[in-house]
Amino acid sequence: MKYHLIFFPWIGAVIGLIEYGWYRFGIYGGIGQICDLLVMLAIPILVTGGFHLDGLMDTEDALSSWRSREQRLEILKDPHIGAFSVIRLVAYGLVFAAALSELNGPVRIPWMGTFFLARCLSGFAVVTFPSAKRQGILATEAETAGRRPVQIGLLVESILICGLMIYWMPKGGILVTLAGIISLAAYYRQSLRKFGGITGDLAGWFLCRTELWMTVVIFLAEIIG
């Protein structure tokens, strides 16, 4: 438990490798664009079981309630879903699909690294940002982790993956790095203001949003470049 968060990004590496395998299969198998896009979207969900999407939906419900901090935390624990969580999930999927549909050829390769980078940032937040609750999976991870070694390990992994993405696609890699930093700063600010710290649901929400914005900026970089 002390160092397990250093290996959290490697779940993203598994997703990226499977995405790469599907990409190569599509090239040689002549897969149609719609089938290709739908499988690209499904791979992260199949690997993780939709674990982080659950956090996305719960957090969107809490944020959309416009209630007090304590009531938002209670909404996060509610097993039911509200209309806003469904609406936001659909919007999330549509934007993600729209951006992915324009990532053609080798541009998809640096995109595969975003799953690794997003988890580096998420793990770094767990051992750096204050927790909103003293109980729960995230609080346990934060308390049992070796804070300094994990922070250093995740920073090194972040630098390495950013370097690889910048090497492969300079403009897109730089934009993805900036998007990750901005997303992390916004996560810190919003979690403190709205919840008093981070929770497991907020961590899933952050991961999903970061993956989305990184995909969007790669799409924008391809258009600009």
Side-chain angles (χ1 to χ4, degrees), residues 4-27 36-53 56 92-93 95-128 150-187 203-225:
H4 77 285
L5 282 172
I6 295 177
F7 301 96
F8 179 46
W10 292 92
I11 299 171
V14 171
I15 295 172
L17 287 172
I18 295 174
E19 291 282 7
Y20 181 75
W22 174 250
Y23 164 65
R24 300 302 300 180
F25 179 76
I27 291 175
D36 181 43
L37 173 63
L38 293 177
V39 173
M40 285 169 68
L41 287 168
I43 286 172
I45 300 173
L46 295 174
V47 172
T48 64
F51 181 70
H52 306 295
L53 288 174
L56 172 73
Y92 172 87
V95 175
F96 214 132
L100 279 181
S101 68
E102 297 297 320
L103 299 187
N104 300 311
V107 176
R108 280 170 60 173
I109 294 178
W111 167 72
M112 296 167 192
T114 62
F115 297 103
F116 188 94
L117 179 57
R119 283 162 177 78
C120 287
L121 298 174
S122 181
F124 182 82
V126 169
V127 293
T128 306
V150 170
Q151 287 175 332
I152 293 173
L154 290 171
L155 283 174
V156 170
E157 290 177 327
S158 299
I159 291 169
L160 289 174
I161 191 63
C162 288
L164 287 172
M165 287 191 289
I166 292 171
Y167 173 78
W168 188 269
M169 184 185 183
K171 188 176 293 184
I174 292 171
L175 288 175
V176 164
T177 302
L178 291 174
I181 294 171
I182 294 170
S183 181
L184 186 65
Y187 177 38
W205 172 75
F206 164 74
L207 186 65
C208 291
R209 282 169 56 96
T210 302
E211 289 176 350
L212 174 63
W213 293 123
M214 287 179 177
T215 303
V216 170
V217 298
I218 290 179
F219 157 67
L220 294 174
E222 185 179 18
I223 292 177
I224 295 170

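Just so we're clear, the structure is a prediction, and the values are computed from it rather than from any experiment. All residue numbers in this chain count up from 1 along the given sequence.
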Item to check | Minimum-distance pair of heavy atoms, taken over all atoms of Pro106 and Trp168 | outcome: O-NE1, 3.1 Å
Checklist entry - Under 4.5 Å between any side-chain heavy atoms of Met165 and Leu117, yes or no? => result yes
Checklist outcome for this item: Sorted by chain and residue number, the ring-ring contact (aromatic ring centres under 6.0 Å, His included) partners of Tyr92 (sequence neighbours excluded) come out as Phe96
Next on the checklist: What's the separation between atom CD1 in Ile109 and atom CG in Leu164, rounded to the nearest 0.5 Å?
Outcome noted: 12.0 Å
Checklist entry - With a 4.5 Å heavy-atom cut-off, do Leu46 and Ile18 have their side chains touching? => result no
Checklist entry - Does Gln151 have any side chain to side chain donor-acceptor pair (under 3.5 Å) partners at least two apart in sequence or in another chain, and if so, which? => result Thr128, Arg148
Checklist entry - At what distance, to the nearest 0.5 angstrom, does CD1 of Ile182 lie from OG1 of Thr210? => result 11.0 Å
Item to check | Set of side chain to side chain donor-acceptor pair (under 3.5 Å) partners for Thr48, sequence neighbours left out | outcome: none
Item to check | Test ring-ring contact (aromatic ring centres under 6.0 Å, His included) applied to Trp111 - qualifying residues, sequence neighbours left out | outcome: Phe115
Could you pull out all donor-acceptor pairs under 3.5 Å where a side-chain atom in residues 6-16 meets a protein atom, sequence neighbours excluded?
unit_1, atom_1, unit_2, atom_2, d
Trp10, NE1, Glu157, OE2, 3.1

Checklist entry - Ser122: what forms a side chain to side chain donor-acceptor pair (under 3.5 Å) with it, not counting sequence neighbours? => result none
Item to check | Shortest non-hydrogen separation from Leu154 to Gly123 and the atoms involved | outcome: CD1-C, 3.3 Å
Checklist entry - How would you list all residue pairs meeting side chain to side chain donor-acceptor pair (under 3.5 Å) that involve residues 37-47, not counting sequence neighbours? => result none
Checklist entry - Mind checking what makes side chain to side chain contact (heavy atoms under 4.5 Å, CB included) contact with Ile174, not counting sequence neighbours? => result Ile166, Leu178
Checklist entry - Can you list every pair that meets salt bridge (charged side-chain N to carboxylate O under 4.0 Å, His left out) and has a residue in residues 203-215, with sequence neighbours left out? => result Arg119-Glu211
Checklist entry - Shortest non-hydrogen contact from Leu184 to Leu121? => result CD1-O, 3.8 Å
Checklist entry - CG/Leu38 to OG/Ser101 distance, rounded to the nearest 0.5 angstrom? => result 11.0 Å
Checklist entry - Roughly how far, to the nearest 0.5 Å, is CZ of Phe116 from CG of Leu160? => result 7.5 Å
Checklist outcome for this item: One should read off an interatomic distance between Glu102 CD and Leu220 CG, to the nearest 0.5 angstrom, of 11.0 Å
Item to check | Candidate pair Val176 and Cys162, rule side-chain contact (heavy atoms from CB on, under 4.5 Å), full reasoning | outcome: CA-CA 8 Å; Val176 164; Cys162 288; over 6 Å; no
Item to check | Between OH on residue Tyr23 and CG on residue Leu17, distance to nearest 0.5 Å | outcome: 14.5 Å
Item to check | Closest heavy-atom pair and its distance - Tyr187, Ala125 | outcome: CE2-CB, 3.6 Å
Checklist entry - Quick one: side chain to side chain contact (heavy atoms under 4.5 Å, CB included) partners of Ala98, sequence neighbours excluded? => result none
Checklist outcome for this item: Applying side chain to side chain contact (heavy atoms under 4.5 Å, CB included) to Phe25 and not counting sequence neighbours gives Trp22, Ile31
Item to check | Distance-minimising heavy-atom pair for Thr215 and Ala99 | outcome: CG2-CB, 3.8 Å
Item to check | With sequence neighbours excluded, residues passing ring-ring contact (aromatic ring centres under 6.0 Å, His included) with Trp213 | outcome: none
Checklist entry - For the residue pair Met169 and Glu222, what are the closest heavy atoms and their distance? => result CE-N, 4.0 Å
